Amino acid sequence: RRNTERLTAVHACLFRARKTRDTLSIPVVPVDEKELNEFMSFPSVVSMSAPLTGSDGRTLAEKLIGNKSVRSLLLYNGRLGDKGTMAIGATLATHTGAVLQSLGVGNNSVGPRGAAALGKALREKHCTLTTLYLDKNPAIGDVGAEVLAEALETNVRLGKLVLSGNDIGDHGAVALARALRPNHSLRSLSLDHNRIGLEGMGAFADLIGASRNKTLSILSLAHNPKIGDAGATSVANTLGPKTTHLLELDMGACGVGDPGAVALADAFFAYGSGVTTSKTFNDNSDDDGDDDELDMDNAVREAKDYLQGMKLQRLGLCRNQIHGSSAKQLSDSVRTATEACAVDFEGNPIDATTRGELVFDTFKKRLQSPRRDMSPRRSKPVFNSWGSPVAPQMEMSVPSSLSSLSKNKMLPSRAALESLGRLGLGNMGQQDAAERDEDLDLSHVASFSPQGFTLKRLPPVKPGLRYGQRGRTLL
């Protein structure tokens, strides 16, 4: 009976994979070598909780030799260990026939030896990996991070690296930051849930502020509480024309308080008002010697970067200790630098009124995000029977505050409505009590609009009628 249930699960996953012709999800049952061989004939193989061991990893490594089908191999929550990971890394390093692009070995008890094997594969020019997931392997530590950093110095294909929950400290973070200076391929780096402090944060601040690296655009350092206000200040000191390539920066649950938020607000305000560029030109105009032309070329290059504008789309500051006044100041300063950046303050001790304003501002920014224009769900052009495009119908003019909502036909989330509800109730309580007696209190209804909360007055009560518990009843 147990063998029958196992075979049923295997045949069911094979049936679904053949139907979609794309992804095979390995069932949560033991599998033999013949079944693994059949699994490796699909473009994407995913295992979220299958009990794969080191021997299974060696079998998968053998099936990768000369394999032209598998492009994504994601193995999570198993027991591959260093042996299985080393076998896969050795195959990718020594054989040129594999076309594997995405590899995931998260939560598989991988240590420094497994990381070293994957680093050796990344140093080879024929390695085709573009995405590597090594999250939730705390045995990697600083030693494994330093080994991977050596591989990143010469790698030219890897675009995304996830090292979350790997017990990496300042030494590993500094090694990664130094290795990424000559790197021009890595676009996304995730180091959440580690032990990174001020030294590591300072190294990454210098990295994103250095003009030599314009590729790294997504940096996530959430849940590193040792960073604190000093780390946020180091990031604020590097914000300027050289950081226009940065798209997302996440410092959630990093111990950032009001001083760090104010430092970031000052940096964004200085960039938005053009102080950075004018200071650069003034400094270069006072220099003397043979380096004047070189300094002026650098100033012109920075001025061009400044004119392109900041491309930051998300600044994550969740679960910190930022209060309402500092959060409002930072939000206003970010608006002066870029209109598309959404600042996330969820989980901070912010009062209800300020939270409602920030939620609504974030909602409007996400509607205006350039990613919405690139979405495949956007309406396609309409053509007539002759093949010519049909002009869109003219829409009624609406106020500017309502244009984004009417065109996108979206409404705020439930959290936004609740926050705005507290804001509207607070405004109602501030009205003059003399203008609202007991009867008028019941004849006013709170109405929501994108501009805020307003009070609509009901028509006057007819003689002989009054408001009761169940509506209007006869006297």
Side-chain angles (χ1 to χ4, degrees), residues 52-65 70 72-98 100-183 185-186 188-196 200 203-204:
L52 299 179
T53 60
S55 60
D56 294 328
R58 289 191 290 269
T59 303
L60 292 174
E62 294 175 0
K63 305 306 176 183
L64 283 175
I65 300 176
V70 179
S72 177
L73 181 61
L74 304 179
L75 310 174
Y76 292 99
N77 305 317
R79 300 189 300 272
L80 291 178
D82 282 335
K83 293 183 179 179
T85 308
M86 290 171 61
I88 295 175
T91 300
L92 296 177
T94 56
H95 296 83
T96 60
L100 188 65
Q101 296 179 356
S102 299
L103 175 62
V105 285
N107 195 16
N108 269 282
S109 303
V110 181
R113 293 191 300 167
L118 294 177
K120 183 179 179 181
L122 292 175
R123 283 193 292 267
E124 300 296 334
K125 295 183 178 180
H126 62 263
C127 182
T128 58
L129 281 181
T130 59
T131 306
L132 179 59
Y133 297 93
L134 280 172
D135 48 321
K136 297 182 181 179
N137 290 295
I140 290 180
D142 289 334
V143 178
E146 292 175 357
V147 173
L148 291 173
E150 295 177 1
L152 291 176
E153 292 181 357
T154 57
N155 184 270
V156 295
R157 286 189 177 88
L158 192 66
K160 182 177 182 179
L161 178 61
V162 179
L163 295 174
S164 302
N166 286 344
D167 199 29
I168 298 175
D170 286 334
H171 295 288
V174 171
L176 289 170
R178 291 176 179 174
L180 290 178
R181 287 182 176 272
N183 185 284
S185 63
L186 194 70
S188 176
L189 177 62
S190 178
L191 289 167
D192 304 339
H193 295 275
N194 283 295
R195 298 182 293 102
I196 300 175
F204 280 110

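If you're wondering where the values come from, they're calculated on a predicted model, not measured in any experiment.
The two residues A149 and A175 come nearest to each other via the heavy atoms CB-O, 3.5 Å. Across all their heavy atoms, H126 and L92 have their closest contact at NE2-O, 3.2 Å. Shortest non-hydrogen contact noted between D192 and S190 is OD2-OG, 3.5 Å. Heavy-atom minimum distance, A173 versus I168: N-CG2, 3.9 Å. Residues T128 and R157 approach most closely at CA-CD, 4.0 Å, considering heavy atoms. In terms of heavy-atom proximity, A93 sits nearest to E124 at O-CG, 3.6 Å.
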* To do: Determine, stepwise, if the pair T130 / L158 fulfils side chain to side chain contact (heavy atoms under 4.5 Å, CB included).
  => CA-CA 4 Å; T130 59; L158 192 66; 5.5 Å; no
* Step by step, would you call V105 with L134 a side chain to side chain contact (heavy atoms under 4.5 Å, CB included)? -> CA-CA 6 Å; V105 285; L134 280 172; 3.2 Å; yes
* Apply side chain to side chain contact (heavy atoms under 4.5 Å, CB included) to the pair T85 and N108, showing each step before the final yes or no. => CA-CA 9 Å; T85 308; N108 269 282; 5.5 Å; no
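Of the possible polar contacts, one joining the R195 side chain to the D167 backbone as a donor-acceptor pair under 3.5 Å is found. Panel note: side chain D56, backbone G54; no donor-acceptor pair is recorded below 3.5 Å.
In this structure, the side chains of T53 and L80 stay at 4.5 Å or more apart for every pair of heavy atoms. Side-chain contact between V147 and P112 is absent, with no heavy atoms from C-beta onward closer than 4.5 Å. The shortest side-chain heavy-atom distance between L100 and L129 falls under the 4.5 Å cut-off. Looking at V110 and L118, their side chains never come closer than 4.5 Å, going by heavy atoms from C-beta outward.
No more than 12 heavy atoms of other residues, nucleotides or ligands shown are found within 6.0 angstrom of CZ on R178. Under a cut-off of 6.0 angstrom, the local environment of NZ in K136 is sparse, with at most 12 non-hydrogen atoms contributed by other residues, nucleotides or ligands. No more than 12 heavy atoms of other residues, nucleotides or ligands lie within 6.0 Å of CZ in R113, so this atom counts as exposed by the packing criterion.
Considering L103, L163, V162 as possible partners of L132, the one that fulfils the side-chain contact (heavy atoms from CB on, under 4.5 Å) test is L103.
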